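Here the structure comes first, spelled out in structure tokens, and everything after it is commentary.
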Protein chains: 2
Amino acid sequence: MAKPPKENSPITEHLTYLLAQANREINRQLETRLAKEGVPVEQWRILKVLSDGNGHSMGELADAVLLNHPTLTKMIDRMVSDALVYRVQDPKDRRKVLMFVSDRGKALCRRLNSLAVSQEEHIVESYGDKSTTELKRLLESLIGTAN
Amino acid sequence: MAKPPKENSPITEHLTYLLAQANREINRQLETRLAKEGVPVEQWRILKVLSDGNGHSMGELADAVLLNHPTLTKMIDRMVSDALVYRVQDPKDRRKVLMFVSDRGKALCRRLNSLAVSQEEHIVESYGDKSTTELKRLLESLIGTAN
DNA sequence: GGGAAAATATTGAATATTCAACAATTGAAG
DNA sequence: CTTCAATTGTTGAATATTCAATATTTTCCC
């Protein structure tokens with residue numbers, strides 16, 4: 001089994017393709033579950049990151065939830081309209097805006113967490129305990145490596 | 001090490017998040033390389049799938065390159081303008097359109113393949129032969145499982 | 001065979017994302 | 001201290017994606 005694909009290898013042998021495909025499928029599954037609450041996956045990520053109760057700047061948050069800055073700004077606008085989160089100017093550095101979850105957001109986040117955990121339990125069930133753990137380990141390591 | 005995350009686990013322990021993050025990083029890397037040819041990753045995928053010389057219908061192609069149908073249609077429009085691919089009505093089933101690569105597209109595809117392979121070689125180098133192979137195996141298996 | 005239902009691809013409007021420019025604040029250098 | 005560069009977040013225009021509706025062809029069933 002040759003490790004890096006040859007130039008004429010099918011695309012399905014490329015790591016980048018396998019990652020994209022797996023991500024697409026798992027993300028779709030989750031999307032379907034979260035649809036019960038009418039919330040996109042990214043909003044779950046945002047709520048979850050903010051759930052530590054500390055204020056997070058927009059930059060921090062954008063990195064954490066894997067969104068570009070302008071995309072995040074506009075999504076946060078919507079979430080503020082829905083009273084899920086709110087902005088506070090950072091007193092230490094007035095360029096920054098600190099984001100917080102509202103009580104409503106916390107309640108929603110709990111329901112979403114439950115849906116997300118149940119999805120992952122379902123994956124573990126059919127894919128296996130061992131494979132899941134090992135896959136997570138390898139992904140973490142890849143992320144650290146890619147840098 | 002608990003296998004499925006608890007409801008209050010950080011998002012970084014969710015498989016869905018690790019996949020999204022890894023995919024994002026690797027995809028960015030590739031994007032940067034392919035930028036040398038001014039081509040988005042999806043177009044490389046399209047060219048590569050069509051490189052087997054057989055005609056592929058739009059539906060087939062959309063599945064293979066992980067794009068929704070209307071998105072693919074519009075991207076193909078652009079590639080036809082650039083004379084990289086062309087459409088032929090399927091004589092067996094006139095609802096279908098068969099896509100083919102042009103010579104120009106083939107030449108571009110070769111250059112893109114070289115860039116993509118070099119990226120993956122670079123990953124293997126820093127991430128390790130063993131990890132890469134194992135990660136690919138696990139991803140393939142997950143994809144089969146997720147269904 | 002004839003007509004309804006399914007499959008395939010495209011279109012146009014609605015929505016979302018991205019890029020580049022901007023405004024505000026802070027940090028740093030002279 | 002003052003000016004210039006860097007950081008942070010937002011905005012608006014350009015671009016891309018998605019959803020729903022459409023047109024065309026085929027398949028199914030009576």
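Only a predicted model underlies this, so the values are computations on that prediction, with no experimental measurement involved.
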When the side chains of residues 102-111 of chain B are checked against the rest of the protein, which donor-acceptor pairs come out under 3.5 Å, sequence neighbours left out?
residue: B/S102; atom: OG; partner: B/A83; partner atom: O; Å: 2.7
residue: B/S102; atom: OG; partner: B/L84; partner atom: O; Å: 3.0
residue: B/S102; atom: OG; partner: B/R104; partner atom: N; Å: 3.4
residue: B/S102; atom: OG; partner: B/G105; partner atom: N; Å: 3.0
residue: B/R104; atom: NH1; partner: B/D82; partner atom: O; Å: 2.4
residue: B/R111; atom: NE; partner: B/E37; partner atom: OE1; Å: 3.3
residue: B/R111; atom: NE; partner: B/E37; partner atom: OE2; Å: 3.0
residue: B/R111; atom: NH2; partner: B/E37; partner atom: OE1; Å: 3.4

Could I get a table of every N or O pair under 3.5 Å where one atom is in the protein and the other is in nucleotides 2-5 of chain C?
none

Quiz item: Between B/E140 and B/R137, is there a salt bridge with N-O shorter than 4.0 Å?
Solution: no

Practice problem: Please name all residues satisfying side chain to side chain contact (heavy atoms under 4.5 Å, CB included) with A/E31, sequence neighbours left out, ordered by chain then number. | Solution: A/R28, A/V41

Practice problem: Take the protein atom CG of B/D63 and the nucleotide atom P of C/dA9, then report the distance between them rounded to whole Å. | Solution: 10 Å

Self-check item: Distance (rounded to the nearest 0.5 Å) between B/K6 NZ and B/E13 CD
Solution: 11.0 Å

Quiz item: At what angle, to 10 degrees, do the two end axes of the helix from C/dG1-D/dC30 to C/dG30-D/dC1 meet, given five pairs define each axis?
Solution: 20°

Quiz item: How does protein contact run along nucleotides 11-18 of chain D, one letter per nucleotide 5' to 3', with B for base contact, S for sugar-phosphate only, - for none, heavy atoms under 4.0 Å?
Solution: BBB---BB

Quiz item: Which of residues 87-96 of chain B sit near DNA chain D, with a heavy atom under 4.0 Å from it?
Solution: B/D93, B/R94, B/R95

Exercise. Enumerate the residue pairs fulfilling ring-ring contact (aromatic ring centres under 6.0 Å, His included) with a member in residues 101-123 of chain B, sequence neighbours excluded, ordered by first and then second residue.
Key: none

Exercise. To the nearest 0.5 angstrom, please state how far the CG atom of A/L61 sits from the CG atom of A/L66.
Key: 10.5 Å

Self-check item: Other ILVMFWY residues reachable from B/V88 by side-chain steps of under 4.5 Å
Solution: B/Y86, B/L98, B/F100

Practice problem: Only counting residues at least two apart or in another chain, list the ones meeting side chain to side chain contact (heavy atoms under 4.5 Å, CB included) with A/E7. | Solution: B/N113, B/S114, B/V117

Practice problem: Return the set of residues passing side chain to side chain contact (heavy atoms under 4.5 Å, CB included) with B/T12 (not counting sequence neighbours), or none when no residue passes. | Solution: B/P10, B/Y17

Exercise. Quick one: which residue pairs count as a ring-ring contact (aromatic ring centres under 6.0 Å, His included) with a foot in residues 54-74 of chain B, not counting sequence neighbours?
Key: none

Quiz item: Quick one: does A/D90's side chain have a donor or acceptor within less than 3.5 Å of a partner on A/K92's backbone?
Solution: yes

Exercise. State which residues pass side chain to side chain contact (heavy atoms under 4.5 Å, CB included) with A/A22; sequence neighbours excluded, sorted by chain then number.
Key: B/L19, B/L139, B/L142, B/I143

